[in-house]
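Take a look at the structure set out below.
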Amino acid sequence: HRKGEWFTLTTEDERVLGISSTLYKGDNRYQVDGFCHPDHENYFSKLIETAVDWCKSKKAVEITFKISKRCRFGLSHLR
């Protein structure tokens, strides 16, 4: 069983527009992934930032990313 956390981008009426997650890979390494509805990409960076901040709060020494190709961000790897 792997450890991690989920984060969502939702509207006021609770429609899901995006999801990000963290996955603990061992040795204080984490993977962040996510996607968002193309009409709401301007909020995607905040969604990913929330996941990254969670990893940092767990003392991550390495964070890697798997981001949906539909989103136009160049994040690939962060140390």
Side-chain angles (χ1 to χ4, degrees):
H1 184 251
R2 293 188 173 189
K3 297 178 182 178
E5 191 64 61
W6 290 88
F7 305 91
T8 58
L9 172 64
T10 58
T11 62
E12 288 182 10
D13 62 352
E14 298 184 8
R15 290 183 299 141
V16 175
L17 302 176
I19 298 173
S20 67
S21 66
T22 64
L23 176 64
Y24 182 65
K25 305 286 279 183
D27 299 321
N28 286 10
R29 297 176 305 114
Y30 289 84
Q31 177 180 304
V32 171
D33 64 8
F35 69 92
C36 66
H37 188 281
D39 292 344
H40 301 279
E41 281 186 354
N42 53 327
Y43 297 106
F44 186 66
S45 60
K46 181 63 177 167
L47 181 62
I48 295 299
E49 182 181 309
T50 300
V52 169
D53 288 346
W54 185 88
C55 293
K56 288 178 178 178
S57 77
K58 302 296 182 189
K59 309 290 188 231
V61 297
E62 179 181 81
I63 303 170
T64 56
F65 298 88
K66 286 192 175 180
I67 305 297
S68 170
K69 291 181 180 180
R70 291 195 65 137
C71 293
R72 293 177 232 135
F73 294 95
L75 299 175
S76 62
H77 191 244
L78 171 70
R79 284 186 183 250

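Proximity of F7 to I19: side-chain heavy atoms (C-beta onward) are nowhere separated by under 4.5 Å.
Panel note: side chain S21, backbone W6; no donor-acceptor pair is recorded below 3.5 Å.
Between atom CD1 of residue I63 and atom NZ of residue K56 there is a gap of 6.0 Å, rounded to the nearest 0.5 Å. Atom OG1 of T22 is separated from atom CG of D53 by 11.5 Å, given to the nearest 0.5 angstrom. Note that CH2 of W54 and OG of S20 are 11.0 Å apart. Values are rounded to the nearest 0.5 Å. Atoms OG1 and CG, on T8 and L47 in that order, are 7.5 Å from each other to the nearest 0.5 Å.
Remark: S57 engages no residue in a side chain to side chain donor-acceptor pair (under 3.5 Å) (not counting sequence neighbours). The salt bridge (charged side-chain N to carboxylate O under 4.0 Å, His left out) search around E49 returns K46, not counting sequence neighbours. By the side chain to side chain donor-acceptor pair (under 3.5 Å) test, T10 pairs with no residue at all, sequence neighbours left out. With sequence neighbours excluded, the residues that form a salt bridge (charged side-chain N to carboxylate O under 4.0 Å, His left out) with D13 are R15. Not counting sequence neighbours, the partners of L17 by the side-chain contact (heavy atoms from CB on, under 4.5 Å) test are L9, T11, H40.
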Distance-only criterion, 3.5 Å: show the donor-acceptor pairs between side-chain atoms of residues 25-32 and protein atoms not counting sequence neighbours.
residue : atom : partner : partner atom : Å
N28     : ND2  : K59     : O            : 3.2
R29     : NE   : G26     : O            : 3.3
R29     : NH2  : K25     : O            : 3.0

